[in-house]
Asker: 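The structure is given below, and queries will be raised subsequently.
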Protein chains: 2
Amino acid sequence: MNVHIGVNGLAVTPETPKGRAPSIRDVARLAEVSHQTVSRVLNDHPSIRPETKERVLLAMETLQYRPNRAARALVTSRSHTIGVLAARSSEYGPATSIAAIEDAAREHGYYVNTANLATVTPEAITDALEHLMLQAIEGLVVIAPQVRVFDVLAAAPIGVPFVSLQSTGRSDHLALSVDQVTGARRATQHLVSLGHREIVHLAGPQDWIEAEARMRGFLDAVYDADLTLHPPILGDWSADFGYFAGRELSRTRDFTAVFAANDQMAIGLMHAFRDAGLDVPGEISVVGFDDIPVAQHVWPPLTTVHQDFREVGRRAVALLLNQVHGREVLEVEEIVPRLVVRGSSAQASGHRPRYTSVTDSA
Amino acid sequence: MNVHIGVNGLAVTPETPKGRAPSIRDVARLAEVSHQTVSRVLNDHPSIRPETKERVLLAMETLQYRPNRAARALVTSRSHTIGVLAARSSEYGPATSIAAIEDAAREHGYYVNTANLATVTPEAITDALEHLMLQAIEGLVVIAPQVRVFDVLAAAPIGVPFVSLQSTGRSDHLALSVDQVTGARRATQHLVSLGHREIVHLAGPQDWIEAEARMRGFLDAVYDADLTLHPPILGDWSADFGYFAGRELSRTRDFTAVFAANDQMAIGLMHAFRDAGLDVPGEISVVGFDDIPVAQHVWPPLTTVHQDFREVGRRAVALLLNQVHGREVLEVEEIVPRLVVRGSSAQASGHRPRYTSVTDSA
DNA sequence: CACCCCGATGTGCACGTTCACATCAGCGGC
DNA sequence: GCCGCTGATGTGAACGTGCACATCGGGGTG
């Protein structure tokens with residue numbers, strides 16, 4: 001039966017025609033079945049005799065056969081690829097989520113194709129999208145949390161389901177998000193509970209959905225606690241910006257706490273305060289957002305809001321693949337991040353912020 | 001001629017047969033040419049009349065035609081995809097390089113497919129590689145800097161050129177790397193020049209090529225300066241490990257400086273020293289490696305070795321595509337990283353390290 | 001015992017593109 | 001005026017796979 005396969009137990013690789021990679025037909029010939037049977041083995045079709053199946057598998061092994069994805073994609077018009085549209089993908093949060101997405105996708109037999117957004121101009125977005133569409137992606141995960149991206153996405157219907165990693169409030173897609181608003185509110189409430197009444201928010205760029213949500217959470221808490229509102233500062237997420245903002249802020253000193261929209265800015269901020277001779281948390285408390293790995297090791301250890309980027313990525317894939325396969329999509333529950341209290345926040349020092357206490361003592 | 005195309009200037013989309021996406025043949029029919037002519041326009045073949053070309057392009061536009069990558073890949077057996085095999089891809093360095101690779105690849109009309117290594121077991125490596133091979137990648141960039149990965153890579157010949165982002169010293173592939181040895185040597189020499197003679201190296205896992213190279217650079221410098229060698233500590237790159245290592249180290253205190261193999265560990269280290277009441281840089285100097293964005297904002301600002309991860313990624317793609325296209329590959333020049341001196345390193349404080357001074361004074 | 005159904009397998013075609021080759025008109029040279 | 005070359009285009013096949021349908025034998029059912 002398997003005369004082709006071995007001689008003296010020695011595995012002889014039968015001549016694959018030309019230099020070409022072995023195809024389903026080569027396997028079929030060797031296993032003495034039709035190519036269709038081989039195909040059935042590949043897609044484990046139920047009705048196939050175990051004996052036959054084994055013979056085919058052996059032939060595959062012998063020929064080192066590998067299915068040709070292009071051919072398969074051509075005939076099924078399914079690419080088994082999902083796209084990821086990402087901005088700032090080298091930062092800890094997005095990078096972690098992307099890695100998790102890749103892992104989860106691979107587990108489900110899917111491939112991941114990433115397109116980064118260097119800038120967020122409509123052209124760049126369209127270009128990246130075009131790139132992904134040419135890949136014939138079956139679904140899209142968007143980690144590019146600018147409102148503008150979703151405008152473009154809505155305008156140029158891409159024809160595949162997509163999931164965003166931040167709640168956009170739009171109905172044309174599902175979002176799997178961490179509840180940024182609650183996270184930010186909790187962070188602010190934490191400061192309030194420590195007796196702070198003059199709190200500044202160092203926000204992210206307002207076209208970022210997350211930045212906007214965190215700002216909203218902050219405003220909610222400020223409103224609830226009936227605090228006077230300090231105008232938020234709009235930053236760019238970077239530690240460098242945090243540093244410069246901190247330099248400016250330490251001039252006025254009409255506040256006792258700062259809630260930064262991410263850890264990087266918080267770290268830059270603390271750097272500037274240190275330079276200005278302001279003690280954190282003695283004089284000023286600082287709270288960040290994200291809980292990046294170094295957050296607990298900087299000085300002082302940063303109080304922040306922890307979010308699980310891996311979990312978000314993982315769930316996003318599950319959600320997306322459910323849609324891709326037309327399965328019932330259950331309600332999406334938001335992940336609520338948790339506050340991690342560390343050394344950078346402390347009780348407000350009885351007296352009012354400096355500039356007023358100076359006035360008072362005069 | 002183009003009666004099909006419009007009525008009253010209104011773009012009428014002619015019926016695409018069934019719900020299928022328009023194919024090259026649909027375009028051909030509309031433009032009243034053969035499908036081959038359309039193909040020629042797509043691959044801009046020289047001998048085609050401008051007039052004809054325009055007609056075809058118009059038809060494409062009208063039908064919103066998009067070439068089918070699977071079909072093209074099937075017949076040309078070229079996927080226009082490069083693979084990236086990465087470990088710890090969510091960390092700043094790798095993540096930045098990956099983003100740069102993606103950008104550069106897209107610029108060259110290539111797609112990028114990533115496979116992360118959760119663990120570095122041979123099975124995981126084989127699995128990831130298998131995943132990429134099924135994608136029919138044309139080339140591979142390896143950012144998984146464990147020696148073991150290259151063992152597996154060598155054993156399971158993948159049949160496509162690959163480039164690694166660290167110099168492995170092997171001849172089966174090109175490496176585009178930053179000269180880690182020189183970087184580490186410079187970092188150590190910096191400490192020596194400040195008068196430190198008792199320097200500990202907090203190394204990375206020794207199966208990591210970079211960790212090994214940095215260790216080598218350290219050892220070179222120690223040897224050159226004729227210092228006594230403290231046994232290096234083998235870490236895992238994480239800030240957490242740096243912290244624990246720092247705790248252990250601060251018990252003995254038989255050193256005046258530490259060179260950490262990356263910034264994260266250096267930051268954890270400084271945290272532990274602070275906890276132990278050891279002043280950095282007053283009593284102990286610390287130097288890191290990588291220059292991650294927060295390095296300059298921690299306290300004290302971290303002296304470190306800066307490397308340009310984007311540049312490495314970019315050049316890797318250029319190198320790889322040159323090989324893929326069988327072009328002449330020019331000599332690969334190593335990028336030499338540069339030392340950035342900040343606040344965490346300072347002149348050794350005249351007296352010997354504590355433990356000896358205690359002994360001396362007794 | 002005739003019938004039908006089902007499990008196991010085979011046959012041919014379609015997917016959308018490129019490649020090799022064929023065709024055909026025009027043009028210059030002898 | 002014929003030959004051959006070249007530019008512009010068309011024709012058919014092939015790439016490797018899955019799908020729809022056909023085939024064939026066996027076993028249960030009436």
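Protein chains get the first letters and strands the later ones, always in sequence-line order, with residue 1 at the start of each.
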Asker: Just checking A/T52: base, sugar-phosphate only, or nothing, at a heavy-atom cut-off of under 4.0 Å?
Answerer: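 If one applies the 4.0 Å heavy-atom cut-off, A/T52 turns out to touch the sugar-phosphate alone, with no base involved.
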Asker: Does any donor-acceptor pair link the side chain of A/R25 with the base of D/dT17 at a separation under 3.5 Å?
Answerer: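 Checked by distance alone, the answer is yes.
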Asker: Send over the distance from B/N68 CG to C/dT17 P, rounded to a whole Å.
Answerer: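 Whole-Å distance recorded here is 6 Å.
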Asker: Just the rounded figure in Å: distance from C1' of D/dG16 to CG of A/D26.
Answerer: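 From A/D26 CG to D/dG16 C1': 10 Å.
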Asker: Would you check if there is a donor-acceptor pair between the side chains of B/H35 and B/T37 at a distance under 3.5 Å?
Answerer: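 No, B/H35 and B/T37 have no side-chain donor paired with an acceptor closer than 3.5 Å.
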Asker: Given atom CZ of B/R29 and atom P of D/dT9, what is their separation to the nearest angstrom?
Answerer: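 Rounded to whole Å, this separation is 19 Å.
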Asker: Indicate, with a heavy-atom threshold strictly under 4.0 Å, whether A/I48 touches base, sugar-phosphate, or nothing.
Answerer: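 Sugar-phosphate only.
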Asker: Any side-chain N or O of A/S47 under 4.0 Å from OP1/OP2 of C/dC6?
Answerer: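 Answer no for this pair, as no side-chain N or O of A/S47 is under 4.0 Å from OP1 or OP2.
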Asker: Tell me: CG of B/L74 to P of D/dA13, nearest whole Å?
Answerer: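 Answer to the nearest Å: 17 Å.
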Asker: Does C/dT9 have its OP1 or OP2 closer than 4.0 Å to a side-chain nitrogen or oxygen of A/R49?
Answerer: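 For C/dT9, OP1 or OP2 has a side-chain N or O of A/R49 closer than 4.0 Å.
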Asker: Could you give the NZ-to-C1' distance, from B/K53 to D/dG7, as a whole number of Å?
Answerer: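 The answer, rounded to whole Å, is 16 Å.
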Asker: Would you say the side-chain atoms of A/Y111 and A/Q135 include a donor-acceptor pair closer than 3.5 Å?
Answerer: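 No donor-acceptor contact under 3.5 Å links the two side chains.
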Asker: Atom CD of B/Q36 to atom P of D/dA8: distance rounded to whole Å?
Answerer: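 It works out to 15 Å between those atoms.
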Asker: Between the base of D/dG16 and the side chain of A/R66, is there any donor-acceptor pair under 3.5 Å?
Answerer: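 Per atom types, no contact qualifies.
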Asker: Which part of the nucleic acid does A/I24 contact within heavy-atom distance under 4.0 Å: base, sugar-phosphate only, or nothing?
Answerer: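 Result for A/I24 = base.
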Asker: Would you kindly say whether B/N113 and B/T81 are connected by a side-chain donor-acceptor distance under 3.5 Å?
Answerer: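 No, because no side-chain N or O of B/N113 sits under 3.5 Å from a partner of the opposite role on B/T81.
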Asker: Check the phosphate of D/dG18 against A/R72, side-chain N and O only, distance under 4.0 Å to OP1 or OP2. Yes or no?
Answerer: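 For A/R72, the contact criterion (side-chain N or O under 4.0 Å from OP1 or OP2 of D/dG18) is met.
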Asker: In whole angstrom, what separates B/R78's CZ from C/dT17's P?
Answerer: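 From B/R78 CZ to C/dT17 P: 18 Å.
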Asker: For DNA chain D, whose closest nucleotide is more 5', that of B/P50 or that of A/Y65?
Answerer: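 Nearer the 5' end of the strand: B/P50.
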Asker: Would you say a side-chain N or O of B/S23 is under 4.0 Å from OP1 or OP2 of C/dG16?
Answerer: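 Result: no.
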Asker: Output the rounded distance in Å from NE2 (B/H35) to P (D/dT11).
Answerer: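 One finds 8 Å between P of D/dT11 and NE2 of B/H35, rounded.
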Asker: So do A/T119 and A/I125 actually touch side chain to side chain, heavy atoms under 4.5 Å?
Answerer: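 Not in contact.
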Asker: Would you say a side-chain N or O of B/T37 is under 4.0 Å from OP1 or OP2 of D/dG10?
Answerer: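 Checking D/dG10 against B/T37, a side-chain N or O does come within under 4.0 Å of OP1 or OP2.
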Asker: With a 6.0 Å cut-off on the ring centroids, do A/H173 and A/F162 count as close?
Answerer: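 Distance test on ring centres: under 6.0 Å, yes.
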Asker: Heavy atoms from C-beta onward define the side chain here; which of C/dT18, D/dG16, C/dT9 lies closest to that of A/V75?
Answerer: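 Nearest nucleotide to the side chain: D/dG16.
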Asker: If every non-hydrogen atom of A/S97 is compared with every non-hydrogen atom of A/I143, which pair is closest and at what distance?
Answerer: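 Minimum heavy-atom separation between A/S97 and A/I143: CB-CD1, 4.4 Å.
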Asker: Any N or O donor-acceptor pair linking the side chain of A/R69 to the base of D/dG16 at under 3.5 Å?
Answerer: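 There is none.
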Asker: OP1 or OP2 of D/dT17 versus the side-chain N and O atoms of A/S39: is any pair under 4.0 Å?
Answerer: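 Looking at the OP1 and OP2 atoms of D/dT17, neither is under 4.0 Å from any side-chain N or O of A/S39.
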